Protein chains: 2
Amino acid sequence: MTPLPTPQQLRYLVALADLGHFGRAAAACAVTQSTLSAGIIALERQLDASILERGPAKRPVFTPLGLELVGRARAALAALSAVAETAAAARDPLTGPLRLGIIPTIGPFLLPRLMPALRKAFPRLRLWLREDLTDRLAEDLQGGRLDLLLLALPAALPDVETLRIAEDPFVAALPQEHRLLDQAQLPLSALGGERLLLLEDGHCLRDQALSACGLPGAGGGETFAATSLHTLVQMVAGGLGVTLLPRLAVAGGVLAGTPVVLRPIETPPGQVMGRTLGLAWRARSPRAPEFRSLAPVIGEAVAAAVARIGATPGAGGGG
Amino acid sequence: MTPLPTPQQLRYLVALADLGHFGRAAAACAVTQSTLSAGIIALERQLDASILERGPAKRPVFTPLGLELVGRARAALAALSAVAETAAAARDPLTGPLRLGIIPTIGPFLLPRLMPALRKAFPRLRLWLREDLTDRLAEDLQGGRLDLLLLALPAALPDVETLRIAEDPFVAALPQEHRLLDQAQLPLSALGGERLLLLEDGHCLRDQALSACGLPGAGGGETFAATSLHTLVQMVAGGLGVTLLPRLAVAGGVLAGTPVVLRPIETPPGQVMGRTLGLAWRARSPRAPEFRSLAPVIGEAVAAAVARIGATPGAGGGG
DNA sequence: ACAAAACGATTGGTTTGATCGATGACCCCG
DNA sequence: CGGGGTCATCGATCAAACCAATCGTTTTGT
């Protein structure tokens, strides 16, 4: 068997693929250009494979095999650092950098509560945040650019482990002086006759609200779609229709200053109409035990928020 | 971030875990004991983790973290050699060693045909064979001890890619002078009244035959179970009952010298009663393209065998 | 069209660190 | 109590990874 490639060589290869430039790649690896050049050449010779188009081209151009090797190199380097990460995580659980992805229907409403709680519970944790739609977060998780996701379950992702955190019930949001306001609780059937406002496509909350109302998902031409929960609330306030809001968003102040009025949703006893919040990480992540121990703290933050608003299910912020 | 562990150090670690002995592990790595010892110590220092119980013990004893690290080290080394394998596979497709696992209801009947065909098509391929039940083959595939499986689909295995090779229809096998022999084709319902002989538990053919007859799988106390298709045929010949045989096994001579008689199974037009043969390999295996190009050769061998027996669906070997 | 700049490959000399052989410390067994 | 066995330590050695400087070629600027 041919000798295994050196991690150094793989780092050079990946840096070159990322930056497309010997000099900059060398700088990124903290070596001189000559070293990186020699490293790439040595790798090609050891593997007996042509990685770069060695024609009279100025910029390095990768062969198909070269690109394949870059992918393998990334995976190998990740596996290598997983060894070190395992040791680091065992030595100092929940310290150091953690790249967390959050969906937009959770982030703005939970983070103001969550961050102080996390800082108190794990003072040495360095949290990097990224807010995006579930699909894009999942991509970044797989690609190793994120370590952990906070999103709505179920999220069936391959090679990903998930953990339930908390339930986030839906409440109905209606404009002032709406004809349904004389009922203390609204059955879902009552909403069927109203114009249901939704977030734009890609937000998982859109699909969850639709399925809660028993409506089909992809029925394109319904209504004008909002880009955020704040926008959505403004549309409700403007009398364009009604919507479902997660209690967590209400607790986070999404209604602040608007005349929108809330009503609990009437459900069969013992059943809850809402969605499940959870964590997700790469299966086989060295830090999985850490992530699991993170769950209670997040769950408490959610529970505290939802409980607080649960006591006042009437109008939102004191408009 | 702590520096990445050296592949060398990881090799030492894995060898030590495998052999449980510094001296022998060092010999396996082709270094002296002092080198390996120093390597392990350096790894522990770099990772700031205790891998071995450093008490006054004679044999090296791994800490829980140490065992975890061993697993990670194995994965990292595999990822590293996947880089080299990718290059090697691109350079010389279908050459070098290939560890193939085959289930016992295929192997003995196909290999005599398949091996010459493979040797002719890929002369530089060095085929290592292992015959076992699907479950155990799958374990070895995941563990990297096998590269490729030839088995009956569907085989829902995680992180495994499969490719359909060929269909292998079932035929009914009955003893001489059986009352059903006056029918040229047997409907499945006719078999329902007979005592159906099966392979013992663990053989996928057992479950496939049961499901073909519409019978439940785990109904423990049916009948005496055979340990191989040859045994099963002997039991049929002895008048203990009837069974279903894959045509491939018949073509491979499983009936040789026995008075067992075959009858095709009556099926709705355009439908086939049988099982699907296929290949399976680890998803993300560097050699996946090679394996895919192996499929036609195997498919031809199966087709040639089945076609040959298809012309003479009567009695088996000239007993 | 020509000059200047940018880029990657090559060369020669330096230094780091992995490895070896030998030795030391310790335990178990007879 | 002595011998065999096992793992850790020590000093010397040597390969290879690295850097600075240079060369040949292509691209860019005017």
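A, B, ... follow the sequence lines: proteins, then strands. Residue 1 opens every chain. Keep in mind that what you see is a predicted model, and the values were worked out from it rather than measured.
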- Message: With nearest nucleotide decided by heavy atoms, which residue, B:R24 or A:Q9, maps closer to the 5′ end of DNA chain D?
- Response: B:R24

In whole Å, I'd like the distance from the [atom1] atom of [X] to the [atom2] atom of [N].
X: A:I40; N: D:dA17; atom1: CD1; atom2: P; answer: 14 Å
X: B:L52; N: D:dT6; atom1: CG; atom2: P; answer: 16 Å
X: A:Q33; N: D:dC19; atom1: CD; atom2: P; answer: 11 Å
X: B:F22; N: C:dA25; atom1: CZ; atom2: P; answer: 19 Å
X: B:I41; N: D:dT6; atom1: CD1; atom2: C1'; answer: 13 Å
X: B:L10; N: C:dA18; atom1: CG; atom2: P; answer: 13 Å
X: B:L19; N: D:dC7; atom1: CG; atom2: P; answer: 11 Å
X: B:Q8; N: C:dC20; atom1: CD; atom2: C1'; answer: 14 Å

- Task: Could you tell me whether a side-chain N or O of B:D147 sits under 3.5 Å from a main-chain N or O of B:R99, the two making a donor and an acceptor?
- Result: yes

- Query: Between A:R145 and A:L137, is there a donor-acceptor pair closer than 3.5 Å when you use the side chain of the first and the backbone of the second?
  - Reply: no

- base_contact_polar (C:dG21 base, B:S34 side chain, donor-acceptor, <3.5 Å): yes

- Kindly indicate whether the side chain of A:T6 and the base of D:dA17 share any N or O donor-acceptor pair separated by less than 3.5 Å? no

- Message: Regarding A:A25, tell me which of base, sugar-phosphate or nothing describes its non-hydrogen contacts under 4.0 Å with the strands shown.
- Response: nothing

- Message: Once you apply a heavy-atom cut-off of 4.0 Å, does A:A26 come out as touching a base, just sugar-phosphate, or nothing?
- Response: nothing

- Query: Side-chain N or O of B:H21 less than 4.0 angstrom from OP1 or OP2 on D:dC7?
  - Reply: yes

- Task: Give a yes/no on whether any side-chain N or O of A:Y12 is located under 4.0 angstrom from OP1 or OP2 of C:dG8.
- Result: no

Where the side chain of [X] is concerned, which of [options] is the nearest nucleotide?
X: B:T35; options: C:dT19, D:dT9, C:dC7; answer: C:dT19
X: A:S37; options: C:dT10, D:dC18, D:dT6; answer: C:dT10
X: B:T32; options: C:dG21, C:dT19, C:dG8; answer: C:dG21

- Task: Could you pull out the closest heavy-atom pair between B:L47 and A:A84, with the gap in Å?
- Result: CD2-CA, 3.7 Å

- Note on the structure: Heavy-atom nearest pair, A:A89 first then A:R287, reads CB-CG, 4.3 Å

- Task: For a side chain to side chain contact (heavy atoms under 4.5 Å, CB included) with A:L52, tell me which candidate from A:L16, A:T63, A:V61, A:I41 qualifies.
- Result: A:L16

